[in-house]
Amino acid sequence: MRAVLLLLHKDLLRRRRAPLGVLVMLAFPLIFSAMLAFAFGGSETGLPAAKLLLYDEDDGLVGGLIANALSSEQLNDYLDVIAVGEEGVQMMADGEASALLRIPSGTTLQLFEGQPIVLEMIRNPTQGILPEIAEQVIATLTDVLSVAARVLHREAEGLEIDLLDLDNLDDQAFARLVIRIRRLVQVGNEFLDEPLLSLTVVMLDDEGNDPAEVASGEQTADDTIDEDDADDDSGGGDDQRLLVFLFVLPGVSVYALFIIGDQMMRDVLAEAQMGTLRRQLSAPIDARQVIAGKVLLSGVVAGLALLILAAIAFFLADTAVSLTGFVALSLALLLAVSGLSAAIYGVVRDEQQGSTLSSLLYLVLAFAGGSFLPLDNLPAAVQRIAPVSPFYWGTRGFQDLLDGGGLPEVATAVLILGVLGTVLLLFGAWRLKRKVLRGDI
Amino acid sequence: MIQVENLHKRFGDLQAVAGISFEIAAGEIYGLLGPNGAGKTTTLSMLSGLLAPDEGRIRFDGIDLASRPLEVKGMLGIVPQENALYEDLSAQEHLRLWGGLYGLTGSDLTTAVERVLEWIGLTGRDREPVKNFSGGMKRRLNLGLGLVHSPRAVLLDEPTVGIDPQARLNILEVIRQVADAGTAVLYTTHHLEEAEKLCDRIAIVDHGKVLAEGRLDELQKMVGGEEVLTLRGDFDSETLATQLTDPSLVRVLAKEEGRLVLATLEQDGGRGSVDLLSKIFALGVSMDGVSIEPPSLNGLFLKLTGRQLRD
Ligand SMILES: Nc1ncnc2c1ncn2[C@@H]1O[C@H](COP(=O)(O)OP(=O)(O)O)[C@@H](O)[C@H]1O
Ligand SMILES: [Mg+2]
């Protein structure tokens, strides 16, 4: 135990001397939640549904998925999606719609060829701060899509690699592993793509806010009246934002915790590169203690993040949150977070493989687990497999606590996350030790 | 103190270590001398318990490394070939961490840290982050981290590579001091002069095998009076070798395109080389260069492998 604490002390000193990474991680859930709140909140107080023109030149998989996602029930209040052709551009010029999303021809093809994808958006001329957010979201979406596309592209080349041979994980085998994970959680073809596109939804909703201003006097009478209402009642918009903020906070926090666990565990491979991992393992300590040190490190950083989030929830939400429930769930989540990361980094060949795999996997699991969008809005197939994702239990647990639940209400989540985490941690430590003994690190 | 029997390690198709055995007594400095890729680091990794041997046995003080790894690791000090340091931490923090990991606490730890700082000449600079350090200072700290817990055996992997002569001298002095205090030292290097100067016994290794082993004077005896000639030029090695081979006079150590390495057997006063050279000139061979290696360890290495140590 003393060795573990010494290793923790060393890592904390290192973080304190170079704190930027940790600060970014601590700020991430707040910024992200605020972004979602800003985007989703504040527009429902009587504003008309934004009229969105969907100009699908591509007419392929991507367009279909986007149209599908945009027409989901949850978005009905916000968006009125109309499929258009070339005439859509003129409609925009005439101020007849809030925004136009153009999916250029060849987009689906590009996706399969492994090229990054840029979706085009035409907004009404008057712009507030929201387009800035929209742009950020587009950038994120594009990043994610290009990772997926790269993976798909590799598969398209028809590589035949035995996936089960985890010890010889070259790039190609790795690509197939990623694909298989996608498939595993995909269940059908819609799953991964739909969540990806839900990021687009956030963006389109931002757009929905803009035209309300532009539309004054030019739009139909109904729109104008509603818009005036909204202007009179800006306080209602803030309340709405707050509600959305609190609503997305648990899911985003769980996601942030996984990112923290990932970063801290990734340090094992960074230390392998620096030679300090070998040095640690040549001392009379074993791989499990090294991993345990990183778990505690994640615990400290994640603990800080949770404290901040708990404080915010405490001030913004009216309900008192159960302390025992919160602590138990946080600890179990910490085990799950560290365990998943340790397992990933124990299997991959190097840091880069690990970060690609983990970012894709976490994104998929977070969406499947309902961390970003309420489960009710996800396809039935996804809802059925959601409990497989540790994100599901974490998100649900925090939501239950915010809704006034206590330890008994989160006991199942605590148990599942705790057991899963412990098993994965042991697996990760075993893999790490084996890697070193075989001379792979 | 250290007993190594018949170590083997293979990486894929490459046999990195092919049956290395040796013993090192307490207080002895044992050198593994060999060119890059000889298998020195691989051998050391197996001795540190980091790498599992395919075959063979390692014991420290009679305790088997494979069966009681943590106990053995606690007795060892390791100095890796590449510096393994945290840029943001100070020398003091490094030494306290490693001392602590080997079980030192309280005033024992403090005393040990001060002692090592003095040895490696970093007293007074011990609270600065390592990123401010020069290459030589980092190298010295890298050494110090393997010594802080007063190990019974120290394994050093080319600890003087890439540093100035001053720092090198300091490092060699520290190692001598540690050995004189009764520690068994395994020292790997590809520097002949270092091995000659520092080591009590030397094993010459190449391609994962020990080619020769002994005290410096024993090895020098093996060199005998033989001189080693390396001929370079635009000639056919095969033909030239057959033309020259008078088994009583000369042995062929290596022959490749445009390069021939020969050893002349003992003749009084180095006559062998002179005779051989006159014979070569008489044959009218077109030659770009000749080098003659007088009897030395380098000559021995050349003799054993047909290669220069620093090829
Ligand atoms: N982890 C490894 N995987 C594959 N080959 C290795 C590994 N470590 C060393 N080798 C190879 O084994 C041989 C011996 O290397 P090494 O022990 O580092 O030699 P030295 O330390 O004497 O320079 C080299 O050919 C090297 O490329
Ligand atoms: Mg080496």
Side-chain angles (χ1 to χ4, degrees), chain A residues 1-22 165 167-170 267-290 292-294 296-297 349 429-441, chain B residues 9-12 14 16-17 41-42 44-54 65-66 68-90 92-94 96-105 109 129-131 142 145-146 148-149 151 155 157:
Chain A
M1 192 58 204
R2 188 164 164 271
V4 177
L5 291 179
L6 283 166
L7 294 175
L8 170 66
H9 178 244
K10 168 251 324 175
D11 280 334
L12 288 176
L13 277 177
R14 287 170 63 214
R15 302 290 143 166
R16 210 180 65 197
R17 309 253 157 92
L20 190 65
V22 170
D165 187 9
D167 297 323
N168 298 309
L169 202 58
D170 61 13
D267 203 34
V268 172
L269 292 194
E271 288 215 45
Q273 209 117 52
M274 287 156 60
T276 48
L277 177 66
R278 290 171 61 81
R279 188 159 224 161
Q280 282 166 44
L281 292 174
S282 65
I285 59 176
D286 75 5
R288 272 175 305 208
Q289 286 166 296
V290 173
K294 298 298 181 199
L296 289 190
L297 175 66
R349 195 190 49 196
W430 169 70
R431 289 288 309 190
L432 178 66
K433 187 171 188 170
R434 213 173 69 124
K435 262 187 178 178
V436 172
L437 281 176
R438 290 162 53 103
D440 294 343
I441 283 187
Chain B
K9 184 71 194 180
R10 169 181 283 280
F11 296 113
L14 184 101
V17 173
T41 299
T42 306
L44 245 63
S45 295
M46 290 190 279
L47 261 71
S48 346
L50 287 172
L51 193 65
D54 297 337
L65 171 66
R68 284 147 79 186
L70 290 190
E71 195 176 329
V72 169
K73 283 179 184 180
M75 303 196 291
L76 295 180
I78 312 286
V79 180
Q81 183 168 359
E82 310 286 342
N83 291 340
L85 303 171
Y86 300 102
E87 292 285 309
D88 289 319
L89 302 190
S90 68
Q92 175 80 228
E93 286 158 348
H94 274 94
R96 295 194 70 88
L97 169 65
W98 296 107
L101 288 178
Y102 282 89
L104 293 179
T105 53
L109 180 57
V130 161
K131 63 177 166 222
N142 194 50
L145 295 186
V148 64
H149 57 293
L155 314 177
D157 200 354

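Per chain, numbering begins at 1; letters A, B, ... match sequence-line order.
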Using 0.5 Å steps for rounding, measure from the CG atom of B/L47 to the OG atom of A/S282.
12.0 Å
Enter the distance from B/R96:CZ to A/L6:CG here, rounded to the nearest 0.5 Å.
9.5 Å
Counting only non-hydrogen atoms closer than 4.5 Å, does B/L155 touch chain A with its backbone (N, CA, C, O), its side chain (CB onward), both, or neither?
neither
Reported OG1-to-NE2 distance for the pair A/T276 and B/H94, which is rounded to 0.5 angstrom
8.0 Å
Which value, rounded to the nearest 0.5 Å, describes the distance between A/Q280 atom CD and B/L101 atom CG?
7.0 Å
Can you check whether A/R279 reaches B/N142 side chain to side chain, under 4.5 Å on heavy atoms?
yes
A/Q289 portion near chain B, given a 4.5 angstrom heavy-atom threshold:
neither
Between A/H9 and B/L97, is there a side-chain heavy-atom distance shorter than 4.5 Å?
no
Check B/D88 against A/R17 and note the closest heavy-atom contact, atom names and distance.
O-NH1, 2.9 Å
Drop me the distance from B/L85's CG to A/M274's CE, to the nearest 0.5 angstrom.
8.0 Å
Kindly compute the distance separating OH (B/Y86) from CG (A/D11), expressed to the nearest 0.5 Å.
6.5 Å
Select one option (side chain, backbone, both, neither) describing which atoms of A/R2 are under 4.5 Å from chain B's heavy atoms.
side chain
Heavy-atom proximity to chain A below 4.5 Å, by part of B/T42:
neither
Excluding sequence neighbours, so at least two apart, what forms side-chain hydrogen bond (donor to acceptor under 3.5 Å, both in side chains) with B/S90?
B/E93
Any donor-acceptor pair under 3.5 Å linking the side chain of A/R278 with the backbone of B/S45?
no
